[in-house]
Amino acid sequence: MFDLIVCASHRDWLETAFAQRGLTHLLLPLERDPLLEVESEHGWMGYLRASAAEVETLRDIGLLEILAIVPFTGTGTADALYHQLFADAHARQRYERLYPPSMREGGGRWFGAMRGA
């Protein structure tokens, strides 16, 4: 299993792409926990957990960008994922654009990690 931070221009389009590939189950945790996704005027970003085969299918979705990916190892996985994200200048720039500090300040919604990570 892998934990990923992914982004796309629109969640609606992503739902269709996931449905066409039999991956809608990857979006279910996001529907149960609103802290696993964020949407702004610049697009959509989500925290996913997927198998190796599912990751390969995700890589084939043209408008989906994988910002960071690490093997799921339990507690500490999210730290490793965010470390990778922030170490990559392009990924960090995309993250900051989709989830600017103004969305995080003042106790607003935050973008978190899946249970167990």
Side-chain angles (χ1 to χ4, degrees):
M1 296 300 284
F2 293 87
D3 278 16
L4 309 89
I5 296 177
V6 299
C7 67
S9 58
H10 300 285
R11 190 182 199 278
D12 299 0
W13 176 87
L14 194 63
E15 288 176 2
T16 301
F18 276 41
Q20 291 171 343
R21 292 163 178 82
L23 297 175
T24 53
H25 63 280
L26 294 180
L27 296 174
L28 293 177
L30 280 60
E31 293 168 9
R32 288 186 220 121
D33 186 348
L35 301 178
L36 296 176
E37 66 181 329
V38 65
E39 195 159 14
S40 73
E41 67 271 12
H42 300 292
W44 173 90
M45 183 169 51
Y47 189 116
L48 304 177
R49 182 164 296 145
S51 69
E54 292 165 338
V55 168
E56 291 310 310
T57 302
L58 290 171
R59 290 184 193 281
D60 291 336
I61 298 176
L63 297 177
L64 179 74
E65 183 178 2
I66 297 174
L67 298 179
I69 178 172
V70 297
F72 175 71
T73 58
T75 303
T77 300
D79 290 338
L81 186 65
Y82 282 100
H83 183 269
Q84 182 186 97
L85 176 93
F86 292 127
D88 180 296
H90 171 74
R92 183 179 186 142
Q93 181 180 29
R94 292 284 290 143
Y95 176 87
E96 293 289 338
R97 182 179 171 116
L98 290 167
Y99 191 47
S102 61
M103 290 179 76
R104 301 187 297 256
E105 294 169 355
R109 247 184 108 225
W110 59 279
F111 180 68
M114 280 196 172
R115 180 173 293 170

How long is the span from the [atom1] atom in [X] to the [atom2] atom in [Y], to the nearest 0.5 Å?
X	Y	atom1	atom2	result
Leu58	Asp60	CG	CG	9.0 Å
Leu27	Leu48	CG	CG	6.5 Å
Met1	Thr77	CE	OG1	11.0 Å
Leu30	Tyr47	CG	OH	11.5 Å
Asp3	Ile69	CG	CD1	9.0 Å
Leu28	Asp33	CG	CG	13.0 Å

- Task: Is it possible for you to check whether Arg49 lies under 6.0 Å from the centre of the six-membered ring of Phe72, through NZ or CZ, and within 45° of that ring's axis?
- Result: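 Positive - Arg49 is close enough to the ring of Phe72 and near enough to its axis.
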- Message: Once salt bridge (Lys or Arg N to Asp or Glu O under 4.0 Å) is applied, do any residues pair with Glu56, and if so which ones, sequence neighbours excluded?
- Response: Arg59
Name all residues meeting the side chain to side chain contact (heavy atoms under 4.5 Å, CB included) criterion together with [X]; count only those two or more places apart in sequence or in a different chain, and write none if there are none.
X	answer
Ala68	Leu81, Gln84, Leu85
Thr57	Arg21, Leu23
His42	Ser40, Arg97, Leu98

Compare every heavy atom of [Y] with every heavy atom of [X], then report the nearest pair and how far apart it is.
X	Y	result
Val38	Tyr99	CG2-CD1, 3.5 Å
Phe18	Leu64	CE1-CD2, 4.4 Å
Ala17	Ile61	CB-CG2, 4.0 Å
Thr24	Ala19	CG2-CA, 3.4 Å

- Output every pair passing side chain to side chain donor-acceptor pair (under 3.5 Å) with a member in residues 8-18, not counting sequence neighbours, ordered by first then second residue.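 Checked against side chain to side chain donor-acceptor pair (under 3.5 Å) - neighbours excluded - the pairs reaching residues 8-18 are Arg11-Glu15, Arg11-Glu37.
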- Please walk me through it: do Glu65 and Val6 pass side-chain contact (heavy atoms from CB on, under 4.5 Å)? CA-CA 6 Å; Glu65 183 178 2; Val6 299; over 6 Å; no
- Query: Where the side chain of Glu54 meets the backbone of Ser51, is there a donor-acceptor pair that is under 3.5 Å apart?
  - Reply: yes
- Taking side chain as C-beta onward, heavy atoms only, is Glu96 less than 4.5 Å from Phe86? yes
